[in-house]
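No experiment lies behind these values; they were computed from the predicted model shown. Counting starts at 1 for both ligands and their atoms, in listed order.
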Amino acid sequence: MQILKGTPVSPGIVIGEAFVLDIEEYRMPRRAVPPEQIEEEVSRFEAAAAKVGSDLQADIAHIQAFLPDENLADIFAGHLSIMKDLAPQIVHSVREYRFTPEHAVSKKVRMIVKQLTSREDPTGFTTRLVADFTDVEKRLLRTLFGQRGAAPSGANLKSVIFARDLTPSQTIRLDRSKVLGFVTELGGRTSHTAILARAQGIPAVVGIANVTRDLSGGDTVIVDGSKGLVIVEPDEETLKKYRAIERNFISFEKRTADEMRSQPSETRDGIAVALLANIEMPEEAAHAREYGAGGIGLFRTEFLMFDPRNPAGEKEHFDAYRKVITAMEGRPITLRALDIGADKMVDDSAQQEKNPFLGCRGIRYLLERMDLFRTQLRAVLRASAFGKLRLMFPMVSTLDEIKQARAIIQDVRDELDREGSAYDAELPVGIMIEVPSAAIAADLLCAEADFLSIGTNDLVQYVMAVDRMNEKISALYQPANPAVLRLLRQVLEAGQRAERPVSMCGEMSGDPLFTALLLGLGLRSFSTVPSAIPEVKKVLRSVTISEARQMAQEALAFPDAHQVVEYLTERTKRIIPELF
Ligand code: PEP
Ligand code: MG
């Protein structure tokens, strides 16, 4: 049994088999081979080993012929000898432990790599050796998977996904109905994996260094998404304990959701507060309804750019928007224009930016890619004829960007008029407040924005100068930092003065720890992952506005984030003790 500690990003407990999605997206199938198939599996491995052996011989011959002066052939000769050493050990594992060859290869190489990397490596020799073993492992796995065809065994099981990081395009390709939990090496609370996991109510832990290196597919794991623990190959006693916790957790979540669904979304003194959902795919609208969302506060549309070289056309955009409009039955929907760039759906050229998070992303990208922008605007405007839509732009940092975007909207409207296509002429056009310049000058931007939506995920990263994906400095990613809280207050006040509705759609708005504080600062519209709605509602129904104001005032008096969190924890505990 091994206990690994990471950052808890989506609560809950799951027990299942590991499914390792490594950098090249190989999936390690689960391990048990039925006794009568063992010899068949051994032959399959031997055939794969023979193929890898002959490929390596061919590589050596090629290098000797074309690059005779380099010592490259030695590297491949080394790989050949690694493979010859490994082969009998793999065959032994298949026969003795009934492992699939894929699992046996992965398990053996992971074990060797782990031993090697535990040593000091002043000369870099070990690092090179690790690379050699990993290379042989990949060749073997590639060949083994090639024999099986596209669908590796085990893909039909519900599993816990282990990955170095999950990019949006990888997550979209996953069959989410088969995902029990997520564990990644990179990322923090606002990484895409974390948001996705919370949106789906799937337990997740991020920031466990080397976990995909040390773990093999098929290992039994417990993921404790509340404490940030991953227990590999647990003993019987631990399994029993966690099965009981798992049952309790599910019943607490379900109880809260059932209890809150039909309750009005208002404070104890009867002030109405909008509780909306963030979704990333049209299908999630149904999920939002189940949790009692009053509408969609953030519809991320990047899934339409799943393949950046082959983006969705106007019809796909339009159909997706119509689907959400239908599912939400007249409730308001705030749709965000494509937020491409940085960590989201980048194509090869964007990846070459030196500082992608400070690069061509969000509205900057859209203003460069007029083809994509106009396609989306046409679909949004046409869909607006069928429901209560609002449109907002991500990553706005200047007034001029909103003016330019509005001019393009006008142009598209004129085009639709000429065609005789219907649209909502009053479609509200707003902006995300997620860049410090937009937050500081929110009052000025209100001149061109019909509404504001605070994106704390990015705002915190830019205010604190902390990459939201970098687990090394995640302690500095502080939504409760006084600088962030002051800025939030300033944005809310600017919105109020300019009579522009202000919503919050960053992860902070779904954390019950901050609910009363945000209410006290003046927030009246929260948009969050659907599964967080019941808890947020529970907190807001327990406080009055004047209590919340008092809390906000006291929280703002602390000089650092830790004290703010301590204070809010203590106060929230009194309101909803089951959360702690
Ligand atoms: C945000 O930055 O807070 C936000 C909601 O946008 P995203 O997480 O998609 O960047
Ligand atoms: Mg953002």
Quiz prompt | Ion pair E290/R261, N-O distance below 4.0 Å | solution = no

Exercise. Please step through side chain to side chain donor-acceptor pair (under 3.5 Å) for the pair H317 and Y321, ending with a clear verdict.
Key: CA-CA 6 Å; H317 278 268; Y321 307 154; 2.6 Å; yes

May I ask you to identify, for [X], whether its side chain, its backbone, both or neither come under 4.0 Å of ligand 1 on a heavy-atom basis?
| X | result |
| --- | --- |
| Q461 | neither |
| M504 | neither |
| E507 | neither |
| L298 | side chain |

Practice problem: Might you work through the salt bridge (Lys or Arg N to Asp or Glu O under 4.0 Å) test for R382 and E314, ending with a clear yes or no? | Solution: CA-CA 10 Å; R382 285 179 46 227; E314 184 178 329; 2.6 Å; yes

Quiz prompt | M508 heavy atom under 4.0 Å from ligand 1 | solution = no

Practice problem: Please confirm whether E280 comes under 4.0 Å of ligand 1, counting heavy atoms of the residue only. | Solution: no

Atoms of ligand 1 less than 4.0 Å from [X] heavy atoms?
| X | result |
| --- | --- |
| M432 | 4 (C), 5 (C), 6 (O) |
| G506 | 3 (O) |
| E434 | 1 (C), 2 (O), 6 (O) |

Quiz item: Should we say atom CD of E329 is surrounded by more than 12 heavy atoms from elsewhere, each under 6.0 Å from it?
Solution: yes

Self-check item: K227 atom NZ, over 12 foreign heavy atoms within 6.0 Å
Solution: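 Open.
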
Self-check item: Candidate pair E507 and T456, rule side chain to side chain donor-acceptor pair (under 3.5 Å), full reasoning
Solution: CA-CA 7 Å; E507 291 302 297; T456 48; over 6 Å; no

Quiz item: Looking at E434, which of its N, O or S atoms is the nearest one to the Mg ion (ligand 2)?
Solution: OE1

Self-check item: D458: its N/O/S atom lying closest to the Mg ion (ligand 2) (atom name)
Solution: OD2

Practice problem: Among residues two or more places apart or on two chains, list those pairs meeting side-chain hydrogen bond (donor to acceptor under 3.5 Å, both in side chains) that have a residue in residues 480-499. | Solution: Q478-N481

Quiz item: With respect to atom 1 (C) of ligand 1, which of N457, T528, V460 exhibits the smallest heavy-atom separation?
Solution: N457

Quiz prompt | From the candidates R361, M395, R336, R468, the one that places a heavy atom nearest atom 6 (O) of ligand 1 | solution =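 Minimum heavy-atom distance to atom 6 (O) of ligand 1 goes to R336.
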
Quiz item: Going through the distances and angles, do R468 and D458 end up as a salt bridge (Lys or Arg N to Asp or Glu O under 4.0 Å)?
Solution: CA-CA 7 Å; R468 68 195 245 196; D458 277 312; 2.9 Å; yes

Practice problem: List in chain and number order the residues that pass side chain to side chain contact (heavy atoms under 4.5 Å, CB included) with A498, two or more places apart in sequence or in another chain; answer none if no residue qualifies. | Solution: C446, R500

